[in-house]
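To keep things clear, I will list the structure first and then write my remarks on it.
Values reported hereafter were calculated over all heavy atoms of this structure, with side chains retained and with hydrogens, waters and symmetry mates removed. Every number for a ligand or one of its atoms is a count from 1 in the order of the listing.
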Amino acid sequence: MAATPDPAPLMPSDNESLTQIESQARSELDAVDDDDALERWRVSYLGRRGRLTLVLRGLTSLPLEERKSVGAQANRLKRELEAELQEKKARLGQSATEALIAERIDVTLPGPPLRAGRLHPTTQTLRDMLDCFVSMGFQVVEGPEIEWDHYNFEALRIPKDHPARDMWDTLWIDAQEESDRPMLLRTHTSPMQIRIMEQAQPPIRVVVPGKCYRYEATDPTHEWMMTQVEGLAVDEGISMADLKGTLADFAHRIFGPDRKVRFRCDYFPFVEPGMELRIDCFLCGGEGCRTCSRSGWIEILGAGMVHPEILESVGYDSERYTGFAFGMGVERIAMLRHGIDDIRLFYSNDLRFLDQF
Ligand code: FA5
């Protein structure tokens, strides 16, 4: 590539007088406010083809006397402009440093406070309950929240039109209630009893935590969505005494040894005999109040011995094997542990409530 020829030297007497160059250079330098502009200024006056450089190069063509006087002026101006350039450069550097210092971050200052997340009270109680059962030798298993009518009802000895269906008001999936294989949001965790027994052989000891849904009006102890823990144990020689021992031990570990526990007969189509377990009301101490529906007791679970027909329906020999099952409400247990008088507080998303746990 051919080198660009140097432009012809400029005669101060031609088109630019040194005084004009001097005054323009100074006023432009005054306006410079950053490093890039300063470099452009330097190139335009002092660079290889800068206006002052061209004047100096053109000196040789001047008569001697003129060369001396113009040369002296031009060299003085060059020295002065170079000095002013250095000064400006230093000033620009200083103001950049000052700007940096002004916006410097003090890393020793404490940051804005962070809100610590925490586990929901239901989750905390559920974990304690599962720890308790795991320490007794139960395994934790989970199952589907959307369930077939078959597992939620039919296989549990609750056929269509059986009055026991009224115990569990159901949320159906679309118009599935009328279809051949109706689907629903499970109303309890008991369908997992069947699913587990269909897949495993005794001995079985499992607990199944999970959400359940009911189409019912809410009140201080009833929510339309709640968490249950199902328990199932099947083996040779399992008796009602094992069931009562397991549940009493659980209740005393979770609520403390002084809590009053009451077992009573109850009816569930999939157990025989069936029972419920109640704990004395923490609010009224047994006197009767709004939370315990004036009974002095709060029901926390249903339970019983697995019905022999159910054992047979999954292929177990009911002469050889027996089993117990239970289903408990986690929110009710959390209420009793923490003295919460209304179950609806759990899922109303009020941070003033949730922040207390
Ligand atoms: C059942 O759901 C049976 N599946 C329990 C069972 C399992 C019996 C195995 C026998 C053998 P029940 O509808 O009573 O039963 O509910 C069991 C527990 O769930 C109740 O004791 C209560 O603690 C809780 N629970 C029931 N309905 C609600 C509700 N709407 N809101 C909050 N907790 C509830």
Give the ring-plane orientation class for F153 versus W168, where under 30° counts as parallel, over 60° as perpendicular and anything between as tilted.
tilted

Where do E80 and R76 land on the salt bridge (charged side-chain N to carboxylate O under 4.0 Å, His left out) test, with the steps shown first?
CA-CA 6 Å; E80 286 178 10; R76 174 198 53 83; 3.0 Å; yes

List, ordered by chain and residue number, the protein residues whose closest non-hydrogen atom lies under 4.0 Å from any atom of ligand 1.
W168, H188, S190, Q193, R214, E216, T221, H222, E223, M226, Q228, E230, F268, F270, V271, E299, I300, L301, G302, A303, A325, F326, G327, G329, R332, I343

Cut-off 3.5 Å, side chains only: do Q201 and Y316 have a donor facing an acceptor?
no

Determine, using ring centers only, whether F268 and H188 are less than 6.0 Å apart.
no

Do F326 and F133 have ring centres separated by under 6.0 Å?
yes

Does the cation-pi check pass for R195 over Y151, that is, NZ or CZ under 6.0 Å from the six-membered ring centre and within 45° of its axis?
yes

